[in-house]
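Report on one structure; see the data block that follows.
Chain A is the first sequence line, chain B the second, and so forth, proteins listed ahead of strands; every chain is numbered from 1.
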Amino acid sequence: MLTLKKSSEFQDVFKSGKWSSSDTLVIYSKKINSEVNKVGVAVSKKIGKSVVRNRLKRLAREAYRLNEEKLQKGFNIVIVYKNSVNPEELNFEKVEKELCKCLKKAGIFKENVD
RNA sequence: GGAGUAAGUCAGAUAAUCGCUGGUAUUGAAGAAAUACGAGAGGAAAGUCCGGGCUCCACAGAGCAGGGUGCCAGCUAACGGCUGGUGGAGGUAACUCUAAGGAAAGUGCAACAGAAAGAUACCGCCUGAAAAGGUAAGGAUGGAAAGGCAGGGUAAGAGCCUACCAGAGAUAUGGAGACAUAUCUGCUAUGUAAACCCCACCUGGAGCAACACUGGAAAAAGAACACAUGGGCUGCUCGUCAGUUCUUUUUCACAAAACGUGGCUUGAGGCAUAUGGCGACAUAUGUCCUAGAUAAAUGAUUAUCAAAUACAGAACCCGGCUUAUAGAUUUGCUCUAUAU
RNA sequence: GCGGGUAUAGUUCAAUGGUAGAAUGCGGUGCUUCCGACCCCGAGAUGUGGGUUCGAUUCCCAUUACCCGCU
(Lines give C-alpha, C1' and ligand atoms only; values in the text may rest on other atoms or scores of the structure.)
Protein backbone atom coordinates (compact mmCIF):
# COMPACT_ATOMS: atom_id res chain seq x y z
CA MET A 1 0.00 0.00 0.00
CA LEU A 2 1.48 3.30 -1.11
CA THR A 3 0.62 6.51 0.68
CA LEU A 4 0.41 10.12 -0.39
CA LYS A 5 3.19 12.11 1.23
CA LYS A 6 3.60 15.55 -0.22
CA SER A 7 1.45 18.48 0.62
CA SER A 8 1.28 19.37 -3.07
CA GLU A 9 -0.20 15.96 -3.89
CA PHE A 10 -2.91 16.43 -1.30
CA GLN A 11 -3.73 19.90 -2.54
CA ASP A 12 -3.89 18.64 -6.11
CA VAL A 13 -6.45 15.94 -5.21
CA PHE A 14 -8.54 18.36 -3.16
CA LYS A 15 -8.66 21.00 -5.86
CA SER A 16 -9.04 19.11 -9.10
CA GLY A 17 -10.39 15.69 -7.97
CA LYS A 18 -13.90 14.27 -7.78
CA TRP A 19 -15.59 13.72 -4.46
CA SER A 20 -18.26 11.47 -3.01
CA SER A 21 -19.52 11.17 0.53
CA SER A 22 -21.48 9.15 3.07
CA ASP A 23 -22.59 9.82 6.64
CA THR A 24 -19.10 9.69 8.09
CA LEU A 25 -16.62 9.84 5.20
CA VAL A 26 -15.72 12.01 2.24
CA ILE A 27 -13.54 10.60 -0.50
CA TYR A 28 -11.59 12.69 -2.99
CA SER A 29 -10.13 10.90 -6.00
CA LYS A 30 -8.20 11.88 -9.09
CA LYS A 31 -7.11 9.73 -11.98
CA ILE A 32 -3.46 10.03 -12.97
CA ASN A 33 -1.15 8.22 -15.33
CA SER A 34 0.15 5.51 -13.05
CA GLU A 35 -0.10 1.77 -12.51
CA VAL A 36 -0.66 1.94 -8.75
CA ASN A 37 -3.03 3.63 -6.32
CA LYS A 38 -1.92 6.06 -3.62
CA VAL A 39 -3.97 6.75 -0.48
CA GLY A 40 -3.94 9.42 2.19
CA VAL A 41 -6.08 9.73 5.31
CA ALA A 42 -7.03 12.99 7.03
CA VAL A 43 -8.68 13.41 10.44
CA SER A 44 -9.45 16.83 11.87
CA LYS A 45 -8.19 17.84 15.29
CA LYS A 46 -11.77 18.71 16.19
CA ILE A 47 -12.79 15.06 16.20
CA GLY A 48 -10.71 14.07 19.21
CA LYS A 49 -7.36 13.63 20.85
CA SER A 50 -4.41 11.93 19.25
CA VAL A 51 -5.46 8.47 20.43
CA VAL A 52 -8.84 8.84 18.74
CA ARG A 53 -7.38 10.25 15.55
CA ASN A 54 -4.76 7.52 15.28
CA ARG A 55 -7.42 4.88 15.82
CA LEU A 56 -9.59 6.26 13.02
CA LYS A 57 -6.64 6.40 10.64
CA ARG A 58 -5.78 2.78 11.35
CA LEU A 59 -9.33 1.64 10.78
CA ALA A 60 -9.47 3.45 7.46
CA ARG A 61 -6.13 2.11 6.32
CA GLU A 62 -7.00 -1.47 7.29
CA ALA A 63 -10.34 -1.24 5.51
CA TYR A 64 -8.63 0.07 2.38
CA ARG A 65 -5.96 -2.65 2.51
CA LEU A 66 -8.47 -5.48 2.65
CA ASN A 67 -10.36 -4.09 -0.37
CA GLU A 68 -7.42 -2.92 -2.44
CA GLU A 69 -7.51 -5.83 -4.92
CA LYS A 70 -11.04 -5.05 -5.96
CA LEU A 71 -10.17 -1.53 -7.13
CA GLN A 72 -9.19 -0.08 -10.48
CA LYS A 73 -5.69 1.30 -10.68
CA GLY A 74 -4.24 4.71 -11.35
CA PHE A 75 -5.99 6.82 -8.73
CA ASN A 76 -4.86 9.21 -5.99
CA ILE A 77 -7.36 8.90 -3.16
CA VAL A 78 -7.82 10.96 0.02
CA ILE A 79 -10.12 9.68 2.77
CA VAL A 80 -11.44 12.41 5.06
CA TYR A 81 -13.51 11.96 8.23
CA LYS A 82 -16.32 14.43 8.69
CA ASN A 83 -16.10 16.66 11.76
CA SER A 84 -19.50 15.49 12.94
CA VAL A 85 -18.27 11.92 13.47
CA ASN A 86 -18.82 10.37 16.88
CA PRO A 87 -15.73 8.18 17.41
CA GLU A 88 -17.37 5.99 20.06
CA GLU A 89 -19.97 4.71 17.61
CA LEU A 90 -17.48 3.60 14.95
CA ASN A 91 -15.99 0.13 14.71
CA PHE A 92 -14.13 -1.64 11.92
CA GLU A 93 -17.24 -3.10 10.25
CA LYS A 94 -18.95 0.27 9.95
CA VAL A 95 -15.88 1.98 8.53
CA GLU A 96 -15.36 -0.76 5.96
CA LYS A 97 -19.02 -0.57 4.90
CA GLU A 98 -18.94 3.20 4.52
CA LEU A 99 -15.64 3.12 2.66
CA CYS A 100 -16.89 0.60 0.08
CA LYS A 101 -20.07 2.62 -0.39
CA CYS A 102 -18.09 5.75 -1.17
CA LEU A 103 -15.66 3.98 -3.47
CA LYS A 104 -18.55 2.52 -5.45
CA LYS A 105 -20.13 5.95 -5.77
CA ALA A 106 -16.84 7.31 -7.05
CA GLY A 107 -16.65 4.55 -9.65
CA ILE A 108 -13.30 3.22 -8.56
CA PHE A 109 -14.50 -0.35 -8.00
CA LYS A 110 -13.97 -2.78 -10.82
CA GLU A 111 -17.19 -3.23 -12.76
CA ASN A 112 -17.49 -6.98 -12.46
CA VAL A 113 -17.35 -6.95 -8.64
CA ASP A 114 -20.42 -6.50 -6.46
C1' G B 1 -16.05 -7.97 61.35
C1' G B 2 -16.49 -2.63 60.35
C1' A B 3 -14.39 2.28 59.59
C1' G B 4 -9.97 4.75 58.45
C1' U B 5 -4.79 6.00 57.35
C1' A B 6 0.09 5.55 54.91
C1' A B 7 3.34 3.35 51.31
C1' G B 8 3.66 0.44 47.00
C1' U B 9 2.83 -3.21 42.48
C1' C B 10 0.18 -4.33 37.83
C1' A B 11 -2.11 -1.46 33.69
C1' G B 12 -4.77 -7.84 30.06
C1' A B 13 -2.45 -12.78 28.79
C1' U B 14 -1.83 -16.93 25.29
C1' A B 15 -2.43 -19.06 20.29
C1' A B 16 -3.58 -18.78 14.84
C1' U B 17 -4.12 -15.97 9.93
C1' C B 18 -3.37 -11.26 7.24
C1' G B 19 -0.73 -6.43 7.69
C1' C B 20 2.85 -1.94 9.52
C1' U B 21 8.21 0.65 11.17
C1' G B 22 13.45 0.11 12.19
C1' G B 23 17.86 -3.46 12.96
C1' U B 24 21.12 -7.79 11.59
C1' A B 25 22.35 -11.68 7.98
C1' U B 26 21.88 -13.73 2.97
C1' U B 27 20.61 -13.01 -2.47
C1' G B 28 21.44 -8.70 -5.68
C1' A B 29 26.93 -4.41 -9.56
C1' A B 30 24.04 -0.71 -6.70
C1' G B 31 19.30 0.95 -5.60
C1' A B 32 14.66 -1.08 -5.29
C1' A B 33 13.02 -5.72 -3.79
C1' A B 34 12.79 -10.76 -1.59
C1' U B 35 13.78 -14.42 2.40
C1' A B 36 15.18 -15.61 7.53
C1' C B 37 15.94 -14.08 12.63
C1' G B 38 15.02 -10.81 16.44
C1' A B 39 12.93 -5.82 18.39
C1' G B 40 8.81 -2.27 18.49
C1' A B 41 4.58 3.58 23.19
C1' G B 42 3.34 5.38 29.09
C1' G B 43 2.45 5.55 34.38
C1' A B 44 1.32 9.50 33.36
C1' A B 45 4.32 9.32 26.71
C1' A B 46 -0.37 14.65 28.71
C1' G B 47 -0.14 19.92 30.69
C1' U B 48 4.46 22.85 29.41
C1' C B 49 4.69 24.77 35.54
C1' C B 50 10.17 24.50 37.01
C1' G B 51 15.46 22.70 36.56
C1' G B 52 19.60 20.64 33.68
C1' G B 53 22.26 18.51 29.37
C1' C B 54 23.03 19.73 24.11
C1' U B 55 23.38 23.62 19.88
C1' C B 56 24.01 28.67 18.07
C1' C B 57 24.53 33.74 19.39
C1' A B 58 31.66 36.52 21.71
C1' C B 59 32.19 29.59 25.52
C1' A B 60 29.07 34.36 27.58
C1' G B 61 31.44 40.59 29.27
C1' A B 62 30.12 45.10 33.20
C1' G B 63 26.26 48.15 35.64
C1' C B 64 21.18 49.50 36.35
C1' A B 65 16.32 47.98 35.40
C1' G B 66 13.42 43.49 35.10
C1' G B 67 12.24 38.28 36.77
C1' G B 68 12.34 34.29 40.50
C1' U B 69 12.89 31.98 45.42
C1' G B 70 11.98 32.87 50.93
C1' C B 71 11.53 28.63 58.75
C1' C B 72 16.37 25.29 59.61
C1' A B 73 19.89 21.48 58.11
C1' G B 74 21.02 18.18 54.36
C1' C B 75 20.59 15.50 49.24
C1' U B 76 21.25 16.51 44.04
C1' A B 77 24.19 17.97 37.68
C1' A B 78 20.39 21.51 39.02
C1' C B 79 15.57 23.02 40.83
C1' G B 80 10.20 26.36 42.79
C1' G B 81 12.07 19.11 43.65
C1' C B 82 13.16 15.46 47.57
C1' U B 83 14.66 13.84 52.80
C1' G B 84 14.94 14.76 58.05
C1' G B 85 13.62 18.34 61.69
C1' U B 86 11.33 23.36 64.03
C1' G B 87 6.93 26.53 64.65
C1' G B 88 1.56 26.77 63.44
C1' A B 89 -3.48 24.40 62.01
C1' G B 90 -6.85 19.97 61.82
C1' G B 91 -8.06 14.90 63.62
C1' U B 92 -10.12 10.36 69.46
C1' A B 93 -5.87 8.18 66.87
C1' A B 94 -2.78 6.23 62.89
C1' C B 95 -1.66 10.59 60.32
C1' U B 96 -2.43 14.95 57.21
C1' C B 97 -1.88 20.19 55.70
C1' U B 98 1.27 24.61 55.88
C1' A B 99 4.30 30.90 49.87
C1' A B 100 6.24 30.09 57.39
C1' G B 101 12.01 36.28 56.31
C1' G B 102 11.16 41.73 57.74
C1' A B 103 5.20 45.86 59.87
C1' A B 104 10.72 48.76 65.69
C1' A B 105 13.83 51.71 57.52
C1' G B 106 10.06 54.28 54.77
C1' U B 107 5.36 54.96 51.75
C1' G B 108 0.34 53.47 50.78
C1' C B 109 -4.49 51.20 51.95
C1' A B 110 -8.28 49.81 55.94
C1' A B 111 -15.03 51.04 52.03
C1' C B 112 -19.70 51.35 55.10
C1' A B 113 -20.59 51.82 60.25
C1' G B 114 -18.42 54.22 64.48
C1' A B 115 -16.72 59.82 68.86
C1' A B 116 -12.18 57.75 67.33
C1' A B 117 -8.92 52.99 62.70
C1' G B 118 -2.09 54.18 66.53
C1' A B 119 -4.44 58.71 67.79
C1' U B 120 -6.47 66.32 69.92
C1' A B 121 -11.78 61.07 73.56
C1' C B 122 -18.37 61.87 71.64
C1' C B 123 -21.46 60.29 75.76
C1' G B 124 -19.84 59.02 80.51
C1' C B 125 -16.94 58.90 85.64
C1' C B 126 -14.28 62.12 89.38
C1' U B 127 -12.52 67.07 91.61
C1' G B 128 -14.39 72.03 91.33
C1' A B 129 -19.03 77.60 92.52
C1' A B 130 -17.24 78.29 87.70
C1' A B 131 -13.23 78.39 84.47
C1' A B 132 -10.52 74.39 84.17
C1' G B 133 -8.27 69.81 85.30
C1' G B 134 -7.75 64.25 86.11
C1' U B 135 -9.34 59.80 83.59
C1' A B 136 -10.52 55.40 80.14
C1' A B 137 -14.08 51.28 84.27
C1' G B 138 -18.94 51.36 81.19
C1' G B 139 -21.63 52.61 76.08
C1' A B 140 -23.45 51.73 70.57
C1' U B 141 -20.06 50.40 65.55
C1' G B 142 -16.69 47.14 63.31
C1' G B 143 -12.98 41.86 60.72
C1' A B 144 -9.89 44.73 64.10
C1' A B 145 -10.85 49.72 69.59
C1' A B 146 -5.54 51.60 73.35
C1' G B 147 -2.87 43.60 76.06
C1' G B 148 -7.14 39.67 78.14
C1' C B 149 -9.41 38.25 82.77
C1' A B 150 -9.90 38.28 88.23
C1' G B 151 -8.54 40.52 92.82
C1' G B 152 -6.34 44.62 95.42
C1' G B 153 -6.12 49.82 95.04
C1' U B 154 -8.27 54.94 94.09
C1' A B 155 -11.72 61.16 94.49
C1' A B 156 -12.78 58.56 89.88
C1' G B 157 -9.59 55.58 87.38
C1' A B 158 -5.30 53.38 85.27
C1' G B 159 0.06 47.20 84.82
C1' C B 160 -0.48 51.62 89.65
C1' C B 161 0.34 46.47 92.26
C1' U B 162 -0.46 40.94 92.28
C1' A B 163 -1.85 35.76 90.21
C1' C B 164 -2.81 33.22 85.49
C1' C B 165 -2.63 33.76 80.06
C1' A B 166 -0.56 36.40 75.63
C1' G B 167 3.31 39.58 73.44
C1' A B 168 8.33 42.25 73.58
C1' G B 169 13.45 42.68 75.43
C1' A B 170 17.74 40.77 78.27
C1' U B 171 20.48 36.74 80.51
C1' A B 172 21.49 31.52 81.30
C1' U B 173 21.19 26.36 79.70
C1' G B 174 20.44 22.65 75.62
C1' G B 175 20.86 22.14 70.17
C1' A B 176 24.78 22.23 64.01
C1' G B 177 20.52 25.42 63.28
C1' A B 178 15.28 26.75 62.98
C1' C B 179 14.03 26.77 68.08
C1' A B 180 12.94 24.97 73.15
C1' U B 181 13.16 25.57 78.59
C1' A B 182 14.03 28.68 82.94
C1' U B 183 14.67 33.46 85.36
C1' C B 184 14.36 38.74 85.34
C1' U B 185 12.65 43.54 83.36
C1' G B 186 8.52 46.08 81.77
C1' C B 187 3.41 47.46 79.69
C1' U B 188 4.13 49.36 73.99
C1' A B 189 4.29 48.59 69.31
C1' U B 190 -3.45 47.27 65.09
C1' G B 191 -3.94 44.53 60.29
C1' U B 192 -2.11 44.11 55.33
C1' A B 193 4.43 42.67 52.20
C1' A B 194 -0.10 36.40 47.09
C1' A B 195 0.24 46.36 48.16
C1' C B 196 4.86 49.21 46.89
C1' C B 197 9.10 48.04 49.38
C1' C B 198 13.65 46.29 52.55
C1' C B 199 17.01 42.13 53.36
C1' A B 200 19.38 37.43 51.69
C1' C B 201 20.27 34.19 47.60
C1' C B 202 19.68 32.93 42.26
C1' U B 203 19.18 34.75 37.18
C1' G B 204 22.53 36.65 29.55
C1' G B 205 19.14 35.26 25.07
C1' A B 206 16.96 31.80 21.90
C1' G B 207 15.51 27.00 21.13
C1' C B 208 16.28 20.23 17.61
C1' A B 209 11.06 23.96 13.32
C1' A B 210 18.17 24.84 17.46
C1' C B 211 22.28 23.74 14.53
C1' A B 212 25.59 21.27 10.78
C1' C B 213 26.38 19.03 5.73
C1' U B 214 25.50 18.32 0.45
C1' G B 215 22.89 20.41 -3.77
C1' G B 216 21.55 24.57 -10.17
C1' A B 217 21.92 28.54 -13.80
C1' A B 218 20.98 33.57 -15.59
C1' A B 219 19.45 38.74 -15.20
C1' A B 220 17.92 43.43 -12.94
C1' A B 221 17.35 47.09 -9.00
C1' G B 222 18.61 49.18 -4.26
C1' A B 223 21.57 50.11 0.45
C1' A B 224 26.09 50.73 3.30
C1' C B 225 31.32 51.08 3.94
C1' A B 226 36.31 52.91 8.95
C1' C B 227 35.90 58.66 14.52
C1' A B 228 30.40 56.03 9.77
C1' U B 229 26.37 52.37 8.96
C1' G B 230 24.04 47.88 9.93
C1' G B 231 24.30 43.19 12.87
C1' G B 232 25.44 40.12 17.28
C1' C B 233 18.18 38.64 23.02
C1' U B 234 14.67 41.98 25.31
C1' G B 235 14.51 48.18 28.17
C1' C B 236 18.69 51.61 28.98
C1' U B 237 24.06 52.89 29.53
C1' C B 238 28.80 51.01 28.36
C1' G B 239 32.17 47.69 26.42
C1' U B 240 33.55 44.33 22.77
C1' C B 241 33.52 41.13 18.19
C1' A B 242 33.43 40.15 12.76
C1' G B 243 35.26 43.12 8.33
C1' U B 244 32.31 43.08 2.74
C1' U B 245 28.74 42.00 1.83
C1' C B 246 23.43 42.49 2.54
C1' U B 247 18.27 43.07 0.79
C1' U B 248 14.46 42.75 -2.95
C1' U B 249 12.48 41.24 -7.69
C1' U B 250 12.15 38.39 -12.35
C1' U B 251 13.01 33.97 -15.75
C1' C B 252 14.23 28.80 -16.50
C1' A B 253 14.93 24.21 -13.92
C1' C B 254 13.04 21.53 -9.55
C1' A B 255 12.15 16.91 -3.75
C1' A B 256 12.65 23.26 -4.06
C1' A B 257 9.40 26.54 2.13
C1' A B 258 14.96 21.44 -0.01
C1' C B 259 8.91 17.79 3.06
C1' G B 260 17.09 15.53 1.36
C1' U B 261 21.08 13.66 4.99
C1' G B 262 22.99 14.16 9.87
C1' G B 263 21.54 15.84 14.81
C1' C B 264 18.52 10.55 16.78
C1' U B 265 19.35 7.62 21.01
C1' U B 266 24.74 4.15 25.59
C1' G B 267 22.31 7.52 29.20
C1' A B 268 23.60 12.36 35.62
C1' G B 269 20.80 4.47 31.96
C1' G B 270 18.25 0.01 34.14
C1' C B 271 18.57 -4.45 37.44
C1' A B 272 20.91 -7.31 41.55
C1' U B 273 24.14 -7.54 45.79
C1' A B 274 27.29 -5.31 49.54
C1' U B 275 28.88 -1.05 52.51
C1' G B 276 27.93 4.06 54.80
C1' G B 277 23.70 7.18 56.31
C1' C B 278 17.39 7.89 60.56
C1' G B 279 16.46 9.20 55.39
C1' A B 280 16.70 11.63 50.51
C1' C B 281 21.14 9.61 48.61
C1' A B 282 26.31 8.11 47.82
C1' U B 283 30.23 4.46 46.77
C1' A B 284 31.92 -0.39 44.97
C1' U B 285 31.27 -4.96 42.23
C1' G B 286 28.60 -7.85 38.73
C1' U B 287 25.23 -7.93 34.79
C1' C B 288 21.88 -6.09 30.67
C1' C B 289 21.27 -3.01 25.89
C1' U B 290 15.54 -2.11 25.91
C1' A B 291 11.23 2.38 19.93
C1' G B 292 13.60 6.09 16.78
C1' A B 293 9.02 7.38 13.10
C1' U B 294 8.69 12.08 9.51
C1' A B 295 0.99 12.58 5.95
C1' A B 296 4.39 9.96 10.94
C1' A B 297 4.88 2.63 12.57
C1' U B 298 1.24 -1.54 17.43
C1' G B 299 -4.10 -2.75 13.63
C1' A B 300 -8.14 -6.40 11.89
C1' U B 301 -10.57 -11.24 12.55
C1' U B 302 -11.15 -15.82 15.50
C1' A B 303 -10.62 -18.97 20.07
C1' U B 304 -9.77 -19.66 25.58
C1' C B 305 -9.35 -17.44 30.45
C1' A B 306 -16.41 -15.10 34.86
C1' A B 307 -15.58 -10.06 32.23
C1' A B 308 -11.79 -7.30 28.65
C1' U B 309 -13.59 -2.01 30.06
C1' A B 310 -10.08 3.43 32.70
C1' C B 311 -6.97 7.70 31.55
C1' A B 312 -4.51 7.90 27.33
C1' G B 313 -0.04 7.64 21.77
C1' A B 314 7.10 8.67 21.95
C1' A B 315 8.72 13.16 18.06
C1' C B 316 16.31 15.78 20.88
C1' C B 317 17.23 13.71 25.89
C1' C B 318 17.01 13.54 31.28
C1' G B 319 15.35 14.98 36.79
C1' G B 320 10.90 16.77 39.16
C1' C B 321 5.94 19.02 39.83
C1' U B 322 0.76 19.21 38.44
C1' U B 323 -3.54 17.11 36.32
C1' A B 324 -6.57 12.47 34.27
C1' U B 325 -7.38 7.28 35.47
C1' A B 326 -11.83 1.36 35.13
C1' G B 327 -10.26 -2.61 37.72
C1' A B 328 -7.05 -6.04 40.42
C1' U B 329 -3.63 -6.64 44.39
C1' U B 330 0.39 -6.47 48.67
C1' U B 331 2.17 -4.61 53.35
C1' G B 332 2.45 -1.55 57.90
C1' C B 333 -0.37 1.22 61.43
C1' U B 334 -4.93 3.50 64.11
C1' C B 335 -9.93 3.55 66.13
C1' U B 336 -14.17 0.68 67.17
C1' A B 337 -17.86 -3.72 67.97
C1' U B 338 -18.35 -8.80 69.49
C1' A B 339 -16.35 -13.42 71.50
C1' U B 340 -12.57 -15.96 74.38
C1' G C 1 6.93 20.84 18.72
C1' C C 2 7.86 26.04 20.75
C1' G C 3 5.98 30.91 22.27
C1' G C 4 1.85 34.29 23.60
C1' G C 5 -3.24 35.88 24.77
C1' U C 6 -8.60 35.86 26.17
C1' A C 7 -12.88 34.26 29.26
C1' U C 8 -18.09 39.59 32.89
C1' A C 9 -26.25 39.81 31.51
C1' G C 10 -28.96 36.22 25.44
C1' U C 11 -25.14 39.67 22.43
C1' U C 12 -21.25 43.81 22.29
C1' C C 13 -18.26 46.11 25.88
C1' A C 14 -16.98 48.92 31.07
C1' A C 15 -15.45 48.62 36.21
C1' U C 16 -8.47 51.86 41.81
C1' G C 17 -9.29 45.20 46.52
C1' G C 18 -15.10 47.97 49.18
C1' U C 19 -23.22 47.66 46.73
C1' A C 20 -20.74 44.48 39.45
C1' G C 21 -22.57 49.17 35.25
C1' A C 22 -23.97 50.82 30.01
C1' A C 23 -26.05 49.85 25.16
C1' U C 24 -28.98 46.39 22.73
C1' G C 25 -32.13 42.16 23.23
C1' C C 26 -36.21 39.81 26.69
C1' G C 27 -40.86 40.31 29.94
C1' G C 28 -44.65 43.69 31.85
C1' U C 29 -47.31 48.69 32.13
C1' G C 30 -48.65 53.32 29.79
C1' C C 31 -49.61 56.02 24.98
C1' U C 32 -52.29 54.37 20.09
C1' U C 33 -58.38 51.98 16.91
C1' C C 34 -53.96 48.38 16.14
C1' C C 35 -48.52 48.03 15.18
C1' G C 36 -44.00 50.75 15.35
C1' A C 37 -41.45 54.74 17.76
C1' C C 38 -41.60 56.89 22.72
C1' C C 39 -42.30 56.78 28.49
C1' C C 40 -42.02 53.87 33.11
C1' C C 41 -40.88 49.29 35.73
C1' G C 42 -38.58 44.42 36.12
C1' A C 43 -35.63 39.89 35.56
C1' G C 44 -30.95 38.42 33.92
C1' A C 45 -23.79 37.70 34.48
C1' U C 46 -17.65 37.66 36.85
C1' G C 47 -15.52 29.89 32.75
C1' U C 48 -14.42 26.01 37.02
C1' G C 49 -11.87 24.64 41.81
C1' G C 50 -8.70 26.19 45.76
C1' G C 51 -5.70 29.99 48.54
C1' U C 52 -4.15 35.25 50.57
C1' U C 53 -7.30 39.19 52.78
C1' C C 54 -12.15 41.71 57.36
C1' G C 55 -13.66 41.69 52.14
C1' A C 56 -11.51 39.16 45.42
C1' U C 57 -14.15 40.54 38.64
C1' U C 58 -9.38 42.54 40.44
C1' C C 59 -3.76 39.42 43.81
C1' C C 60 -1.58 34.05 43.74
C1' C C 61 -1.95 28.67 42.26
C1' A C 62 -4.22 24.77 39.52
C1' U C 63 -7.67 23.43 35.70
C1' U C 64 -11.15 23.77 31.30
C1' A C 65 -12.51 25.94 26.67
C1' C C 66 -11.29 29.13 22.74
C1' C C 67 -7.96 32.30 19.78
C1' C C 68 -3.21 34.06 17.68
C1' G C 69 2.05 33.77 16.17
C1' C C 70 6.70 30.88 14.71
C1' U C 71 7.31 26.76 10.56
Problem set entry | Paired nucleotide for B:U287 [Watson-Crick or G-U wobble; both distances under 3.5 Å] | B:G270
For this session: Determine the Euclidean distance between corresponding P atoms of B:G67 and B:A77; express it in Å to zero decimal places.
Result: 32 Å
Exercise. Rounded to the nearest Å, what distance is computed from the CZ atom of residue A:Phe92 to the P atom of nucleotide B:C18?
Worked result: 16 Å
Exercise. Of the candidate nucleotides B:U301, B:G299, B:G313, which contains the atom at the shortest distance from the side chain of A:Glu62?
Worked result: B:G299
Exercise. In whole Å, what separates the P atom of B:G68 from that of C:C59?
Worked result: 14 Å
Exercise. For B:A41, does the O4'-C1'-N9-C4 (purine) or O4'-C1'-N1-C2 (pyrimidine) torsion place it in syn, i.e. within 90° of 0, or in anti?
Worked result: syn
For this session: Write down the distance between NZ (A:Lys57) and P (B:C20), rounded to a whole number of angstrom.
Result: 18 Å
Exercise. With both distances under 3.5 Å as the test, what is the Watson-Crick or G-U wobble partner of B:A36?
Worked result: B:U24
Exercise. For atom P, what is the distance between B:G139 and B:A131, given to the nearest Å?
Worked result: 29 Å
Exercise. Mind checking the P distance from B:U323 to B:A310? Whole angstroms is fine.
Worked result: 23 Å
Exercise. Which base sits across from B:C184 as a Watson-Crick or G-U pair, both distances under 3.5 Å?
Worked result: B:G169
For this session: Tell whether A:Arg58 reaches the base of B:G313 with its side chain through a donor-acceptor pair below 3.5 angstrom.
Result: yes
For this session: For B:G80 and B:U287, measure between their P atoms and round to the nearest Å.
Result: 40 Å
Problem set entry | Distance, rounded to the nearest Å, where A:Leu56 contributes CG and B:G299 contributes P | 14 Å
Problem set entry | Base paired to B:A310 (Watson-Crick or G-U; both N/O distances under 3.5 angstrom) | none
Seminar exercise, completed: To the nearest angstrom, the CZ-P distance between A:Arg55 and B:A296 comes to 17 Å
For this session: Locate the shortest heavy-atom distance separating A:Tyr81 from A:Ala60; write the atom from each residue and the value.
Result: OH-CB, 3.7 Å
Problem set entry | Assigned partner base of B:G262, Watson-Crick or wobble definition, under 3.5 Å | B:C211
Seminar exercise, completed: Whole-Å distance, A:Asn54 CG to B:G313 C1', equals 6 Å
Exercise. Within the pair A:Arg61 and B:A296, is there a side-chain N or O less than 4.0 Å away from OP1 or OP2?
Worked result: yes
Problem set entry | Complement of B:G231, any strand, by Watson-Crick or G-U distances under 3.5 angstrom | B:C241
Exercise. What interatomic distance, in whole Å, is found between P of B:U17 and the corresponding atom of B:C259?
Worked result: 43 Å
For this session: For A:Lys18, look at atom NZ and say whether over 12 heavy atoms of other residues, nucleotides or ligands are found less than 6.0 Å away.
Result: no
Seminar exercise, completed: Syn within 90° of 0, anti beyond: B:C202 is anti
For this session: For A:Thr24, check side-chain hydrogen bond (donor to acceptor under 3.5 Å, both in side chains) against everything at least two apart and list the hits.
Result: A:Glu98
For this session: Searching all strands shown, indicate the nucleotide that pairs with B:G1 (Watson-Crick or G-U wobble; both distances under 3.5 Å).
Result: B:U336
Exercise. What's the CD-P distance between A:Glu93 and B:U301, to the nearest Å?
Worked result: 7 Å
Seminar exercise, completed: As its Watson-Crick or G-U partner within any shown strand, both distances under 3.5 Å, B:G174 has B:C179
Exercise. For atom P, what is the distance between C:C39 and C:A23, given to the nearest Å?
Worked result: 11 Å
For this session: Starting from P on B:A300, measure out to NZ on A:Lys97 and report it in whole angstrom.
Result: 19 Å
For this session: For A:Lys97, look at atom NZ and say whether over 12 heavy atoms of other residues, nucleotides or ligands are found less than 6.0 Å away.
Result: no
Exercise. A:Leu71 versus A:Leu103: any side-chain heavy-atom pair under 4.5 Å?
Worked result: yes
Problem set entry | Test item: A:Tyr64 and A:Val41 side chains (from C-beta on) under 4.5 Å apart, heavy atoms | no
Exercise. For A:Asn76 and B:A295, what is the distance between atoms CG and C1' respectively, to the nearest whole Å?
Worked result: 13 Å
Problem set entry | Nearest-nucleotide 5' precedence on RNA chain B, A:Gly40 against A:Asn91 | A:Gly40
Problem set entry | Heavy-atom closest contact (A:Val43 atom, A:Arg53 atom, distance) | CG1-CG, 3.7 Å
Exercise. Pick one for B:G159: is it syn, with its angle within 90° of 0, or anti?
Worked result: syn
For this session: Can you tell me, in whole Å, how much space there is between the C1' of B:A7 and that of B:A284?
Result: 30 Å
For this session: Enter syn or anti for the glycosidic conformation of B:U330, syn applying to angles within 90° of 0.
Result: anti
Exercise. Contact class for A:Arg53 vs. all strands (heavy atom < 4.0 Å): base, sugar-phosphate, or nothing?
Worked result: nothing
Problem set entry | A:Lys49 or A:Leu59, whichever maps to the more 5' nucleotide of RNA chain B | A:Leu59
Exercise. Sub-3.5 Å donor-acceptor pair from the side chain of A:Asn54 to the main-chain atoms of A:Lys57, do we have one?
Worked result: no
For this session: Enter syn or anti for the glycosidic conformation of B:G22, syn applying to angles within 90° of 0.
Result: syn
